[in-house]
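Data block below; observations after.
Worth saying up front: this structure is predicted, and the values here are computed from it rather than measured.
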Amino acid sequence: MTLKHSARGFTLIEIMVVMVILGLLVAIVGPNIMGRSDQARVTAAETQLKTLSQALDMYRLDNSHYPSTQQGLQALVTRPGGTPEPKNWGPESYMNNIPKDPWGNDYQYISPGTEGPYDLYSYGADGQEGGEGNDADLSVWATR
């Protein structure tokens, strides 16, 4: 008994139907995935702002004041010079390094601040003050 093996390929119609289905999936799923990466960056920035804020609070607990604008966030990594002098700067740093925001820009720090004892914020995706959506500024006071 011999088995007949029939070789049959896909018809053009079958290939077109698969292409249409794939196109629809990309059109529906694609924007949802792309929007998630932008939201993930915003969430990462909010988390980093909270971490920086906690380190600033620890600095204040040890030294009775926040670093000045001139001393900046780097005062959390290395003992700062200038005034106000950190009399009880810990034996270890408050952070290993100061991260850049998820868009590769420096976080902005001003002390004393206009919204609280300090202003700590990211300019968002566009790296410029103001903006809407992904370009909106993110402040530590807005994320608490």
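Contact between P112 and I110 at its shortest, heavy atoms only, is O-CG2, 3.6 Å. Heavy-atom minimum distance, L138 versus L49: O-CD1, 3.6 Å.
Hydrophobic clustering, with ILVMFWY side chains joined whenever heavy atoms are under 4.5 angstrom apart, keeps Y123 apart from Y109.
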Which atom pairs, one a donor and one an acceptor, fall under 3.5 Å between side chains of residues 72-90 and the rest of the protein, sequence neighbours left out?
residue, atom, partner, partner atom, Å
R79, NH2, P86, O, 2.7
N88, ND2, D62, O, 3.1
W89, NE1, A75, O, 2.9

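From N105, atom CG reaches atom CH2 of W103 across 9.0 Å, with rounding to the nearest 0.5 Å. Note that CD of Q128 is 10.0 Å distant from CG of D137, once rounded to the nearest 0.5 Å. Atoms CG and CD, from D135 and E129 in turn, are 13.5 Å apart once rounded to the nearest 0.5 Å. With rounding to the nearest 0.5 Å, the separation of CD in E46 from OG in S122 is 10.0 Å.
Looking only at atom types and distance, the side chain of D57 has a donor-acceptor partner in the side chain of Y66 under 3.5 Å away.
The shortest distance between side-chain heavy atoms of L56 and Y94 does not fall below 4.5 Å. A heavy-atom distance below 4.5 Å is found between the side chains of D106 and K100.
Remark: the backbone N or O of T114 is paired with a side-chain donor or acceptor of D119 at under 3.5 angstrom. Judged purely by atom type and a 3.5 angstrom limit, S111 uses its side chain to pair as donor or acceptor with the backbone of P67. Judged purely by atom type and a 3.5 angstrom limit, T43 uses its side chain to pair as donor or acceptor with the backbone of Q39.
Here Y107 pairs with Q48 under the side-chain hydrogen bond (donor to acceptor under 3.5 Å, both in side chains) rule; sequence neighbours left out.
Heavy-atom neighbours of L61 CG from other residues, nucleotides or ligands within 6.0 Å: above the threshold of 12.
Using the six-membered ring where Trp is involved, H65 and Y59 have ring planes that are perpendicular, over 60° apart on the 30 and 60° scheme.
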